[in-house]
Amino acid sequence: MNHDTEYLQLCTRLIEQKLNWRPAEEWRNYEFTELSDKILDTTGVNLSGTTLKRIFGKLKYESLPSTVTLNALAAFLGYESWMDFKSKQSLKKQKKPEVITVKKRFILQGKVWPVAAAATGIVAVLAFTLLSGKSSPPLKNEKEIVFTSKPLAEGLPNSVVFKVDLKGNTPAKVVIQQSWDTSRTVTLQPGQNEATGIYYFPGYFRSKLILDGKIIKEHDLFIRADKWMATIDHQPIPTYVKKEDLLVKEKMEVSENVLNDIKTITKPTWLTYHLVKPFGNLQSDNFALESSIKNTFAEGPAVCKTTRILVLCSKGAFIVPFTIPGCASDINIKVNDVFLQGSSNDLSSFGTDLSDWAKVKIEVKNKTMKIFLNDKLIRQENYKEDAGEVVGIRFSFLGAGAVKDIKLLDATGESVYSDDFN
């Protein structure tokens, strides 16, 4: 076994610890899908559920994952790259497989059991395990099961209390899953009917109650930011920019004090402006977002001047990035259910120097997105799934940046929100 394979095993164990889930061998499709969402939200890299199954040993693979995949796994754990992860982690001696330990125990006891007898015992244990996994009775009164949530405060951070009434059912596994949340998936213990989760960012979360792998109940959870706020997106806890350091005069930017703090950060870190609230039932299939953006900091790990515009929706999201031409391979576009990686698609049209103001327009009509840069169409993509209502806007800058002249329009071209910061 080479060292990269051993480091990959260590990496998967650390991811399990970060998630605070049960061991990966117990995961089903929805856990791998949830992890895929978390990695995408944290790193901007889309690793499919199938890829993650190979990494965690659910599916067979013949070679190590690609460098892009390894870098994404390391970034999810808070490291700059796979090499950074390897340089800061030490390998520990791996435990031998349990079956070998069992064989040694037979010899130490002075009894060499026949192979057939040992195999029979193992098969019996496996059979019991499989039968135990199927021992949960069918759900009764499924429609009467109750699943609720309630935020405990206004603003951020915000804790939410989830309450579950299973109406006498005893499933083997009870999971509360929250979409678009980078760290909160809760597994309830037997008899537990309450759980709490803490939210550090505003957003629109679709909470789901999952019993033995089946979604039983789901509802929407809205953590709002009714006025513009800014965060320095450290993981797992961001730094909230103070109100007096968020400057909104003709443009939205942060103060010199915040810029000086950003200059001291040695890892790639995002500054994000958030506005998360209802926009009058604005549907995501037909809307337009116009704004002007500028990247104001490009030192150290922010050399690519990467900027992302995110339109948050009740059932999905749109993510449009810009970067300097030399970094186009590292950006990714999300058009709701369509995801395009710069490493496998030509996204050079999104390469631009944002040292000066750039005008951006994102226009969606009948599930077709058009992206304009300085009034020039640079990309058009179709998607299939309904993204629901528009519920939020984010502007994220690798390093720091400024925004002005924001307009959100409906299908008729009427303004539903605008801000020139005057």
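From a predicted model like this one, the values you see are computed outputs, not experimental measurements.
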Any side-chain heavy-atom pair of Ile39 and Leu35 under 4.5 Å: yes
Side-chain donor/acceptor of Thr323 to backbone N/O of Cys304, under 3.5 Å: yes
CG-OG1 distance between Leu398 and Thr272, expressed to the nearest 0.5 angstrom: 10.0 Å
Under 3.5 Å: donor-acceptor pair, side chain of Asp410, backbone of Thr412: yes
Parallel, tilted or perpendicular: ring planes of Tyr7 versus Trp82, cut at 30 and 60 degrees: perpendicular
Nearest atoms (heavy-atom pairs only) where Lys365 meets Asn286: CA-OD1, 3.4 Å
Enclosure of Lys217 NZ (heavy-atom neighbours >12, cutoff 6.0 Å): yes
side-chain contact (heavy atoms from CB on, under 4.5 Å) between Ile333 and Phe339, intermediate numbers included: CA-CA 6 Å; Ile333 300 174; Phe339 188 85; over 6 Å; no
Any side-chain heavy-atom pair of Val164 and Leu188 under 4.5 Å: yes
Leu275 and Asp226, any side-chain heavy atoms less than 4.5 Å apart: no
Salt-bridge criterion met for Asp285 and Lys367 (N-O under 4.0 Å): yes
Minimal non-hydrogen separation, Asp245 against Ser255, with atom names: OD1-OG, 2.8 Å
Ring geometry between Tyr79 and Phe85 (parallel below 30°, tilted from 30 to 60°, perpendicular above 60°): perpendicular
Row check, Trp357 ring normal vs Lys404 NZ/CZ: under 6.0 Å, within 45°: yes
Pair Thr368, Asn366: side-chain N/O donor-acceptor within cut-off below 3.5 Å: no
Derivation and outcome, salt bridge (charged side-chain N to carboxylate O under 4.0 Å, His left out), residues Asp386 and Lys315: CA-CA 7 Å; Asp386 176 25; Lys315 297 180 181 178; 3.6 Å; yes
Leu247 and Val254, any side-chain heavy atoms less than 4.5 Å apart: no
Neighbour count >12 (heavy atoms, 6.0 Å) for atom CD, Glu154: no
Side chain to side chain contact (heavy atoms under 4.5 Å, CB included), paired with Ser36, selected from Thr50, Asn46, Thr51: Asn46
Audit row: Glu142, Lys214, salt bridge (charged side-chain N to carboxylate O under 4.0 Å, His left out) steps and yes/no: CA-CA 11 Å; Glu142 183 175 318; Lys214 180 183 178 182; 3.4 Å; yes
Under 3.5 Å: donor-acceptor pair, side chain of Gln192, backbone of Glu194: yes
Pairing of Lys86 and Asp4 as salt bridge, 4.0 angstrom limit: yes
Pairwise distance CZ(Arg394) to CH2(Trp228) - rounded to 0.5 angstrom: 10.5 Å
Stepwise side-chain contact (heavy atoms from CB on, under 4.5 Å) test for Leu347 and Ser349: CA-CA 5 Å; Leu347 302 183; Ser349 59; 5.8 Å; no
Non-hydrogen side-chain atoms of Phe201 and Ile223 separated by less than 4.5 Å: no
OG-CG distance between Ser396 and Asp233, expressed to the nearest 0.5 angstrom: 6.0 Å
Distance, nearest 0.5 Å, that separates OG1 of Thr239 from NE2 of His234: 3.5 Å
Residue pair Lys208 / Phe147: nearest heavy atoms and the distance that separates them: C-CE2, 3.7 Å
Side-chain donor-acceptor contact under 3.5 Å, His274 with Thr231: yes
Straight-line distance of Ser207 OG to Phe162 CZ, nearest 0.5 Å: 4.0 Å
Heavy atoms from other residues, nucleotides or ligands near NZ of Lys88 exceed 12 (cutoff 6.0 Å): yes
Test of ring centre spacing under 6.0 Å for Phe222 and Phe205: no
Parallel, tilted or perpendicular: ring planes of Tyr273 versus Phe397, cut at 30 and 60 degrees: perpendicular
Side-chain donor or acceptor of Asn169 paired with backbone N/O of Lys140 under 3.5 Å: yes
Sub-6.0 Å ring centroid separation between Phe56 and Trp27: yes
Check: Asn295 side chain, Leu354 main-chain N or O, donor-acceptor pair, under 3.5 Å: no
side-chain contact (heavy atoms from CB on, under 4.5 Å) between Asp337 and Tyr383, worked out: CA-CA 6 Å; Asp337 53 294; Tyr383 63 98; 3.4 Å; yes
Heavy-atom closest contact (Ile293 atom, Val360 atom, distance): CD1-CG2, 3.9 Å
Heavy-atom check, side chain of Thr307 versus side chain of Pro321, under 4.5 Å: no
Under 3.5 Å donor-acceptor, Asn336 side chain and Glu385 backbone: yes
Validation row, ring centre Tyr200 to ring centre Tyr240 under 6.0 Å: no
Glu31 and Lys173: CA distance, side-chain angles, deciding distance, salt bridge (charged side-chain N to carboxylate O under 4.0 Å, His left out) verdict: CA-CA 12 Å; Glu31 275 96 359; Lys173 189 171 184 180; 3.0 Å; yes
For the student: nearest non-hydrogen atoms of Ala402 and Lys251, plus distance: CB-CD, 4.5 Å
Val248 vs Glu253 side-chain heavy atoms within contact, under 4.5 Å: no
Criterion side-chain contact (heavy atoms from CB on, under 4.5 Å) on Val311 and Ile393, from CA distance to verdict: CA-CA 5 Å; Val311 180; Ile393 308 168; 5.6 Å; no
Greater than 12 external heavy atoms within 6.0 Å of Lys407's NZ: no
Centroid separation Phe350 to Phe322 less than 6.0 Å: yes
Separation between CD1 of Ile362 and OG of Ser291, rounded to the nearest 0.5 Å: 7.0 Å
Electrostatic pair Arg206:Glu218 at N-O distance under 4.0 angstrom: yes
Pairing of Asp353 and Lys305 as salt bridge, 4.0 angstrom limit: yes
Lys/Arg N to Asp/Glu carboxylate O, Lys267 vs Glu80, below 4.0 Å: no
Any donor-acceptor pair under 3.5 Å from Thr43 side chain to Ala72 backbone: no
Where Phe372 and Lys370 come nearest, the two heavy atoms and their spacing: CE1-CB, 3.7 Å
Any side-chain heavy-atom pair of Leu340 and Arg379 under 4.5 Å: yes
